[in-house]
Number of protein chains: 2
Amino acid sequence: MRADARRNYDRIVEVAREVFREQGYDASLDEVAKRAGVGPGTLYRHFPTRENLLDAIMQSWVDRVTETADKALAFEGSDRDLLLNWFEQYVALISQHKGGPAKLTSAMGDPSSPIRTKCQVLSESNGRVLDELRAHGSLRESVDAIQVSRLVGGVATIADNSDLDVAQVRPMLEVIADGLLT
Amino acid sequence: MRADARRNYDRIVEVAREVFREQGYDASLDEVAKRAGVGPGTLYRHFPTRENLLDAIMQSWVDRVTETADKALAFEGSDRDLLLNWFEQYVALISQHKGGPAKLTSAMGDPSSPIRTKCQVLSESNGRVLDELRAHGSLRESVDAIQVSRLVGGVATIADNSDLDVAQVRPMLEVIADGLLT
DNA sequence: TTGCTAAACGGAGAGTGCCTCCGTATTGTT
DNA sequence: AACAATACGGAGGCACTCTCCGTTTAGCAA
């Protein structure tokens with residue numbers, strides 16, 4: 001990759017992160033290009049679809065998911081609290097920018113999605129937490145990680161769309177947690 | 001309302017229902033107007049926003065919600081099955097056209113939404129089912145209708161976005177049901 | 001019927017976003 | 001310095017939203 005290309009690529013991602021945070025994930029891409037000081041052509045060459053751009057943006061914070069799951073697993077307390085704690089963090093992670101929860105959760109389980117790698121990281125992290133609980137024998141049977149990702153992702157999606165705060169989200173996560181645990 | 005206005009209003013709603021079913025709720029409104037044989041001006045005079053048009057479309061089938069709740073309440077069987085049965089029908093009802101679950105569930109609890117009356121019908125129906133279970137003493141405390149509408153609506157939203165079938169939705173509804181019941 | 005007015009129509013067009021094409025510029029190599 | 005190869009960028013085509021306003025029509029009254 002040529003030096004100028006690399007420069008533009010990085011700049012676009014940086015600006016896009018900012019614009020998406022301000023205006024939601026359906027902000028104008030021409031606007032992103034303009035603010036980044038490049039032509040629309042350049043943006044679309046690097047990121048043929050909006051999805052590709054999102055993918056690049058999310059990279060950094062999806063990296064944090066695994067790490068967050070590690071911490072959640074080290075939690076000292078009841079299994080229910082462990083799970084709830086993890087769910088809250090999970091919701092926060094996928095809600096970094098508007099439209100994120102819907103995007104990520106809808107692509108869950110779709111092998112042809114451009115953001116499939118992100119989704120895998122998410123459901124794997126959920127899987128690890130579930131395995132831990134299963135090892136404790138406190139998890140109901142026939143629960144799989146994708147289902148849980150969808151359930152919690154669904155709550156996150158609604159919370160995102162309706163601008164709900166943590167206090168309104170928590171009781172819903174409790175219902176899901178109680179439904180999963182024995 | 002003048003006769004020609006009434007005629008156009010009805011025709012637009014009818015055509016829109018068809019177009020939205022075919023192309024999802026973000027189909028072109030000019031296209032709707034064209035197919036209805038009216039100018040865009042006419043469409044926008046009757047329905048200043050897309051939301052207003054959706055509102056009119058959904059009227060007919062939101063009417064069926066109350067009726068469906070009645071039937072669900074007459075169900076003979078365990079409380080868990082009653083609840084699951086209702087949830088499945090609820091999901092089917094709000095998933096009549098693409099984008100419906102997200103629209104309806106996101107507006108839940110927002111008094112300024114143009115579709116607030118629809119949402120009220122939905123959460124009231126959920127409320128009635130919950131009251132029944134509460135009367136049986138099989139419902140956990142501190143559960144309210146809007147929360148449940150959001151939880152189940154969240155599942156419906158994800159299912160709608162990812163084209164999930166009933167077999168994939170059911171286990172998620174079971175988790176929610178189990179989380180709600182004692 | 002005819003005439004009148006309020007109500008309603010409809011389509012041209014401005015504004016905006018998406019995305020592509022291709023002439024121009026930059027990079028890095030020989 | 002010359003030359004590919006690579007990348008740039010913006011003009012412009014297309015699609016959609018929404019408005020404005022000149023034209024048409026419904027409904028009523030004489």
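Here is how names work: the chains are called A, B, and so on, in the same order as the sequence lines, proteins then strands, and each is numbered from 1. Excluded from the calculations below are hydrogen atoms, water molecules and symmetry mates; all remaining heavy atoms, backbone and side chain alike, are included.
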Under-4.0 Å salt bridge between A/Asp26 and A/Lys98: no
Side-chain N or O of A/Asn8 closer than 4.0 Å to phosphate OP1/OP2 of D/dA7: no
Nucleotide of D/dA26, C/dC19, D/dG9 approaching A/Tyr44 most closely (side-chain heavy atoms): C/dC19
Whole-Å distance separating the CG atom of B/Asp10 from the P atom of C/dC9: 12 Å
DNA chain D: 5'-proximal contact among A/Val38 and A/Asp30 (nearest heavy atom): A/Val38
Rounded distance (Å) that lies between atom C1' of D/dT25 and atom CZ of B/Arg6: 18 Å
Sugar-phosphate only, base, or nothing, as touched by A/Thr42 at under 4.0 Å among non-hydrogen atoms: base
Nearest-angstrom distance from the residue atom CG of B/Leu43 to P of D/dT19: 12 Å
NZ/NE/NH1/NH2 to OD/OE distance under 4.0 Å, A/Glu22 and A/Arg35: yes
Any donor-acceptor N or O pair under 3.5 Å, side chains B/Asp79, B/Ser138: yes
Salt bridge present between A/Asp4 and A/Arg7 (N-O < 4.0 angstrom): no
Sugar-phosphate, base or nothing in reach of B/Ala36, heavy atoms under 4.0 Å: nothing
Phosphate contact (C/dC9 OP1 or OP2) by B/His46 side-chain N/O below 4.0 Å: yes
Atom pair distance, as rounded to whole Å: CZ in A/Arg45 and C1' in C/dA25: 12 Å
B/Asp55 and B/Gln59: side chain donor to acceptor below 3.5 Å: no
Side chain of B/Leu29 (C-beta onward), nearest among D/dC8, C/dC19, D/dC18: D/dC18
Nearest-nucleotide 5' precedence on DNA chain D, B/Thr49 against B/Arg7: B/Thr49
Presence of donor-acceptor pair under 3.5 Å, side chain of B/Arg2 and base of C/dA7: yes
Between C/dC18 (P) and A/Phe47 (CZ): distance, integer Å: 15 Å
Distance below 4.0 Å between B/Ser28 side-chain N/O and D/dT17 OP1 or OP2: yes
A/Lys34 NZ - D/dA11 C1' separation (whole Å): 14 Å
Interatomic distance, A/Tyr25 OH vs C/dC18 P [rounded to whole Å]: 11 Å
Among D/dC8, D/dG10, C/dC9, the nucleotide that comes nearest once only the side chain of A/Pro40 is considered: D/dG10
A/Met1 CE to C/dG28 P, straight-line distance once rounded to whole Å: 12 Å
Side chain of B/Arg50 - closest among D/dA7, C/dC19, D/dT17: D/dT17
